[in-house]
Amino acid sequence: MDWGMQNRLNRLIGPDGHCFFLPIDHGYFQGPTRCLEKPGETIKPILPYCDALFVTRGVLRSAVDPGLDKPVILRVSGGTSMVGKDLADEGLTTSIEEILRLNAAAVGISIFVGTDHERQTLLSLAELVNECEDYGIPVMAVTAVGKEVGQKDARYLAMACRIAAELGAKVVKTYWCEKDFDKVVEGCPVPVVMAGGPKCETELEVFEFVYDGMQKGAIGINLGRNVWQNPRPVAVARALRAVVHEKATPKEAHEIFKETKTG
């Protein structure tokens, strides 16, 4: 692997081989999002606990301090909205020149396996890899699986992850699933990070699914709403960092959360 590519990956993934990415790119398809109305203010107290920020170029320029000392993963796909016909109908939105201009450490693109737009999103991933490899920019594929084939079924998550890796993604973001998540990870030859996961009623549930996924081979997380939509986002972020980087159990993480919440 070229030095530049490896250097960027090392900035994103800690010496322990684990990572905590903080996504705030939700507005690219759903507009103003609860707790992200002012993204710069939302992330300021959380950033010390994460390893990288996943963000669109618009929010990066308008709301993120250029003095940021965390690497940026730039969201480079889009073109649809929640009120449009099909969220899967995405394309590339950002040129390689723009990626370099913004000093991105990596880029992220969604793929939609099992949908009417599977082919175009997979070819967009391949095109992005072709361009980014020339400049040593890692590509993270964000996998989604069509409802008709089971969004949280390990068989299809594994297929989506493997296809993304086969097309050249250096990291794959996918959903945690309760059954056979280890098989999803084992079938993917590049590192896997977990997306926000299931809707959780308690903080302990968040820590439990993250811990389970880490035990089954994921290298880390890419969690947004379970962090910054929580009434105590700093406490959640600190506890999640302990799970990811300090091997804390869910119970230990929950104690950290409670201590931070009341501190």
Side-chain angles (χ1 to χ4, degrees), residues 11-14 16 18-56 58-75 82 105-106 108 140 142 173-176 193-214 218-263:
R11 291 172 59 205
L12 295 166
I13 300 168
D16 60 357
H18 298 161
C19 60
F20 176 0
F21 301 156
L22 183 70
I24 58 166
D25 60 328
H26 303 64
Y28 92 92
F29 68 93
Q30 61 186 35
T33 304
R34 183 172 64 85
C35 298
L36 273 188
E37 293 87 355
K38 296 181 178 180
E41 294 179 16
T42 296
I43 65 174
K44 192 173 181 179
I46 310 171
L47 282 173
Y49 301 97
C50 71
D51 298 308
L53 185 67
F54 188 25
V55 62
T56 62
V59 167
L60 182 64
R61 282 197 168 104
S62 63
V64 179
D65 183 350
L68 178 73
D69 62 354
K70 301 285 183 179
V72 166
I73 304 170
L74 196 67
R75 156 69 71 174
M82 290 186 70
M140 178 175 73
V142 180
K173 171 184 173 182
T174 197
Y175 290 105
W176 171 84
V193 297
M194 288 175 282
K199 181 175 175 57
C200 298
E201 299 298 327
T202 67
E203 292 81 14
L204 181 59
E205 289 180 35
V206 178
F207 306 146
E208 286 174 340
F209 92 74
V210 170
Y211 179 81
D212 181 79
M214 296 290 293
I219 68 160
I221 55 176
N222 191 320
L223 264 66
R225 283 174 289 192
N226 275 319
V227 179
W228 38 258
Q229 283 186 343
N230 188 284
R232 300 289 185 272
V234 171
V236 174
R238 184 183 174 200
L240 284 170
R241 184 169 185 84
V243 175
V244 171
H245 286 296
E246 301 166 24
K247 300 181 180 180
T249 65
K251 184 178 179 180
E252 291 168 339
H254 199 236
E255 288 301 315
I256 292 170
F257 168 78
K258 291 190 290 185
E259 290 169 6
T260 307
K261 182 179 72 170
T262 57

### Message
One pair to check against side-chain contact (heavy atoms from CB on, under 4.5 Å): M214 and M194. What are the steps and the verdict?
### Response
CA-CA 9 Å; M214 296 290 293; M194 288 175 282; 4.1 Å; yes
### Query
If every non-hydrogen atom of A253 is compared with every non-hydrogen atom of A239, which pair is closest and at what distance?
O-CB, 3.3 Å
### Query
What pair of heavy atoms forms the shortest contact from G196 to N226, and how long is it?
O-ND2, 2.9 Å
### Query
Closest heavy-atom contact between P71 and R11?
CG-O, 3.5 Å
### Task
May I ask you to decide whether K44 forms a salt bridge with E41, counting only side-chain N to carboxylate O separations under 4.0 Å?
no
### Message
With heavy-atom distances below 4.5 Å as the criterion, would you say the side chains of L240 and Y49 are in contact?
### Response
no
### Query
Do L204 and P250 touch side chain to side chain, with heavy atoms closer than 4.5 Å?
yes
### Task
Check for a donor-acceptor pair, side chain of N222 on one end and backbone N or O of A195 on the other, with a separation under 3.5 Å.
no
### Query
Stepwise, does the side-chain contact (heavy atoms from CB on, under 4.5 Å) test hold for H254 with T202?
CA-CA 10 Å; H254 199 236; T202 67; over 6 Å; no
### Close side-chain approach of I256 to F207, heavy-atom, < 4.5 Å
no
### Message
For a side-chain contact (heavy atoms from CB on, under 4.5 Å) check, start with the C-alpha distance between C19 and L12, then their side-chain angles and the critical distance, and finish with the verdict.
### Response
CA-CA 7 Å; C19 60; L12 295 166; 6.0 Å; no
### Query
Are the side chains of I43 and L22 in touch, meaning some heavy atoms are under 4.5 Å apart?
yes
### Query
Hey, mind stepping through F21 and K173 against side-chain contact (heavy atoms from CB on, under 4.5 Å) and telling me if it holds?
CA-CA 10 Å; F21 301 156; K173 171 184 173 182; over 6 Å; no
### Query
Where does the angle between the aromatic ring planes of W176 and F209 fall among parallel (under 30°), tilted (30 to 60°) and perpendicular (over 60°)?
tilted
### Message
Please find the pair of heavy atoms, one from M82 and one from Q30, that lie closest to each other, and give the distance.
### Response
SD-CB, 3.0 Å
### Summary
Here the pair of heavy atoms bringing H245 nearest to H18 is CE1-O, 3.2 Å
### Query
Taking the side chain as C-beta and beyond, is there a heavy-atom pair between L36 and R225 under 4.5 Å?
no
### Query
Any side-chain heavy-atom pair from I24 and L53 closer than 4.5 angstrom?
yes
### Query
Going by heavy atoms in the side chains, are V236 and L223 under 4.5 Å from each other?
no
### Query
Which distance, rounded to the nearest 0.5 Å, do you find between the CZ of F20 and the CG of D51?
8.0 Å
### Query
Where is the tightest heavy-atom contact between I46 and W228, given as atom of each residue plus distance?
CD1-CB, 3.9 Å
### Task
For residues R75 and V142, determine if any side-chain heavy atom of one lies less than 4.5 Å from a side-chain heavy atom of the other.
yes
### Task
Determine the sole option in E255, R232, R238 for which the side-chain hydrogen bond (donor to acceptor under 3.5 Å, both in side chains) test with T260 is passed.
R238
#### Entry: Side-chain donor or acceptor of K70 paired with backbone N/O of C50 under 3.5 Å
yes
